[in-house]
Amino acid sequence: MKGLSGTAAFLEEMLQQKRLSAYAVAVGYEDSEWLLTSPGVDEDSYFDAASVGKVFPTCSLAFKAIDAGKLSLDDTLEQFFPNVPADKKAITVHQLMTHTSGLYRREFPEDVAARGRESITEFILDTPLKTAPGTGFAYCCTGMVLLGFIVEKIWGIGLDEAFEQLMCRPLGLTRSRYNIRPDEPNAVNCHHDPAVTDIRWDDHNVQMMNGIPAGAGGLFITVGDLRRFCKALLKKDERLYSGEMFDLAERNYTADLIPIEPGRGIENHGLGYFYVNDNCTQACELFSEGSIGHTGWTGQSFFVDRSKKLYVAALTDVTRCRFLYREESRRDMDAAAFRTLLHRAIKTDLGL
């Protein structure tokens with residue numbers, strides 16, 4: 001096995017083409033591990049996790065609550081929130097995790113978000129359903145915001161504190177956290193707006209939440225910590241959650257559901273996680289069917305394949321560079337296209 005020389009050359013080419021300006025990629029295969037970083041970036045550099053935060057840590061903290069008997073996948077919104085509209089009372093935790101609740105994303109007005117969790121919850125629940133719960137698939141960030149609020153109610157502490165106590169300490173995560181400062185050292189700017197220099201979150205709703213930890217994003221992660229999370233998944237480490245929850249979380253729950261968002265292809269999901277099959281084009285060339293992972297708008301991703309004893313954790317600013325150089329030729333690569341090429345290069349290097 002020759003290592004990752006081809007992958008390193010691919011990443012260098014991406015730098016030269018200004019497809020990205022910062023990256024940290026960790027790969028584990030069988031008994032070997034590699035860390036590839038761009039100049040000025042190390043395993044402790046912060047990247048905006050974006051939607052990776054939906055599973056690392058929001059769903060994982062919910063899984064721990066289920067293990068503790070504090071929560072059930074069949075629990076409904078009316079058990080946690082007052083005055084839930086009739087059409088949403090029966091939405092379950094399971095449906096929030098699998099994006100089958102019928103809810104869809106709306107951007108939070110500043111005045112709504114400024115009033116806090118109850119106001120945000122009321123605004124989300126006021127959203128008309130796209131379809132009856134459980135009958136269609138629509139990827140929904142605001143459903144995960146509700147799940148984050150449920151996690152806080154269950155544990156009796158903020159999502160940030162629950163992450164620190166229940167995941168960081170047991171797994172030995174050293175840096176990842178919510179709400180880093182605008183001038184935080186060793187932090188990569190992942191915001192897609194070229195003019196933004198003092199706002200770290202590249203998500204309107206997370207910004208509007210004014211420091212309230214968001215179940216859909218807002219976490220800042222390092223590749224060192226994401227690698228530790230991937231290795232815990234790979235080993236089914238019960239410091240993360242129970243073996244039974246690993247089995248429940250990694251089933252394909254949406255294979256028979258038609259996407260209800262125009263232009264969106266078929267997606268397959270476990271509980272929070274992407275479920276890899278031929279529809280997961282950015283991962284299926286490298287990872288076996290049944291592997292799991294997640295991605296983030298800002299250019300982040302992880303995928304874990306137990307059958308191959310393989311994980312890849314990739315943190316980048318590819319989305320920022322796409323917008324920064326969009327008026328130049330050949331600057332149209334999005335994060336999904338980048339991941340497809342990255343995984344292809346790793347596959348070639350590892351001879352898989």
Side-chain angles (χ1 to χ4, degrees), residues 24 26 43-68 70-71 80 93 96-97 116-117 120-121 141-181 184 186-187 190 200-203 205-207 209-233 237-242 245-246 249 271-273 292-298 300-302 304 313 315:
E43 69 173 347
D44 290 327
S45 298
Y46 282 122
F47 289 77
D48 182 349
S51 288
V52 168
K54 290 180 171 71
V55 292
F56 173 60
T58 306
C59 285
S60 298
L61 292 170
F63 297 156
K64 292 180 81 75
I66 293 169
D67 284 336
K70 297 175 177 289
L71 182 67
F80 301 101
V93 169
L96 294 178
M97 290 184 179
R117 289 170 173 82
I120 292 168
T121 300
C141 296
T142 45
M144 284 291 177
V145 171
L146 289 182
L147 183 63
F149 290 162
I150 290 171
V151 167
E152 291 184 330
K153 289 173 181 285
I154 290 296
W155 291 112
I157 52 179
L159 197 62
D160 50 352
E161 190 174 349
F163 175 54
E164 170 63 26
Q165 290 185 18
L166 301 173
M167 288 186 66
C168 293
R169 294 176 190 173
L171 294 177
L173 309 183
T174 60
R175 285 260 290 170
S176 299
R177 61 188 176 91
Y178 290 88
N179 299 331
I180 66 172
R181 303 190 313 271
E184 187 79 36
N186 198 14
C190 294
R200 287 295 187 184
W201 306 284
D202 191 10
D203 182 275
N205 284 350
V206 173
Q207 292 176 27
M209 289 176 71
N210 296 311
I212 297 173
L219 184 71
F220 290 84
I221 59 176
T222 69
V223 79
D225 284 346
L226 187 56
R227 174 168 60 183
R228 294 178 185 96
F229 178 67
C230 288
K231 292 169 73 171
L233 290 175
D237 189 335
E238 295 204 0
R239 292 177 299 173
L240 185 56
Y241 43 81
S242 71
M245 277 310 313
F246 278 106
L271 300 178
Y273 296 109
I292 58 167
H294 212 287
T295 65
W297 155 259
T298 49
Q300 325 317 348
S301 65
F302 72 90
V304 171
L315 304 183

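- Here the closest heavy-atom approach between residue Gly272 and residue His294 is recorded as O-CD2, 3.2 Å.
- With 3.5 Å as the limit, one finds no donor-acceptor pair spanning the side chains of Thr298 and Asp202.
- When all heavy atoms of Met144 and Leu96 are compared, the closest pair comes out as CE-O, 3.7 Å.
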Decide yes or no on side chain to side chain contact (heavy atoms under 4.5 Å, CB included) for Phe149 and Ile120, but give the supporting numbers first. CA-CA 10 Å; Phe149 290 162; Ile120 292 168; 4.0 Å; yes
Pair Arg175, Asp44 - check side chain to side chain contact (heavy atoms under 4.5 Å, CB included), show working. CA-CA 7 Å; Arg175 285 260 290 170; Asp44 290 327; 3.8 Å; yes
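- Across Asp48 and Arg200, no two heavy atoms sit closer than the pair OD2-O, 3.5 Å.
- The backbone N or O of Val55 lies less than 3.5 Å from a partner atom in the side chain of Ser60, making a donor-acceptor pair.
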Is there a side chain to side chain contact (heavy atoms under 4.5 Å, CB included) between Leu173 and Phe56? Walk through the geometry before answering. CA-CA 12 Å; Leu173 309 183; Phe56 173 60; 3.7 Å; yes
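- Classification of the Tyr46-Phe220 ring pair by plane angle, with boundaries at 30° and 60°, yields perpendicular.
- Of all heavy-atom pairs between Cys141 and Ala216, the closest is O-CB, 3.3 Å.
- The shortest side-chain heavy-atom distance between Leu171 and Arg228 does not fall under the 4.5 Å cut-off.
- Taking the six-membered ring for Trp and thresholds of 30 and 60 degrees, Phe229 and Tyr273 have nearly parallel ring planes, at less than 30 degrees apart.
- Counting only distance, with no hydrogens or angles, the side chain of Asn179 and the backbone of Gly211 share a donor-acceptor pair below 3.5 Å.
- Side chains of Val145 and Asn205 form no contact here, defined as non-hydrogen atoms less than 4.5 Å apart.
- Atom CD1 of residue Ile157 and atom CZ of residue Phe163 lie 12.5 Å apart, to the nearest 0.5 angstrom.
- The heavy-atom pair separating Trp155 from Ala68 by the smallest distance is CH2-CB, 4.2 Å.
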For Asp67 and Glu238, what are the C-alpha separation, side-chain angles and deciding distance, and is it a side chain to side chain contact (heavy atoms under 4.5 Å, CB included)? CA-CA 10 Å; Asp67 284 336; Glu238 295 204 0; over 6 Å; no
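- Going from atom CD of Glu184 over to atom CZ of Arg177 covers 4.5 Å, rounded to the nearest 0.5 Å.
- Taking the side chain as every heavy atom from C-beta outward, Leu271 and Cys59 never approach each other to under 4.5 Å.
- A 4.5 Å side-chain heavy-atom check between Lys54 and Leu147 finds every atom pair outside the cut-off.
- Within the 4.5 Å cutoff, no side-chain heavy atoms of Val223 are placed close to those of Ser45.
- In this structure, the side chain of Glu152 engages the main chain of Leu159 through a donor-acceptor pair within 3.5 Å.
- Side-chain contact between Phe47 and Leu226 is absent, with no heavy atoms from C-beta onward closer than 4.5 Å.
- Under the 4.5 Å side-chain criterion, counting only non-hydrogen atoms from C-beta, Gln300 is in contact with Cys190.
- Distance alone, capped at 3.5 Å, is enough to place a donor-acceptor pair between the Lys64 side chain and the Leu240 backbone.
- Side-chain atoms of Thr58 come within 3.5 Å of backbone atoms of Gly53 as a donor-acceptor pair (strictly under, hydrogens ignored).
- Note that the CG atom of Asp225 and the OG1 atom of Thr174 stand 4.5 Å from one another [nearest 0.5 Å].
- For the pair Pro57 and Leu219, the tightest heavy-atom approach, listed with the atom from each and the gap, is CD-CD2, 3.8 Å.
- At distances below 3.5 Å, not a single donor-acceptor pair connects side-chain atoms of Asp160 with backbone N or O atoms of Tyr178.
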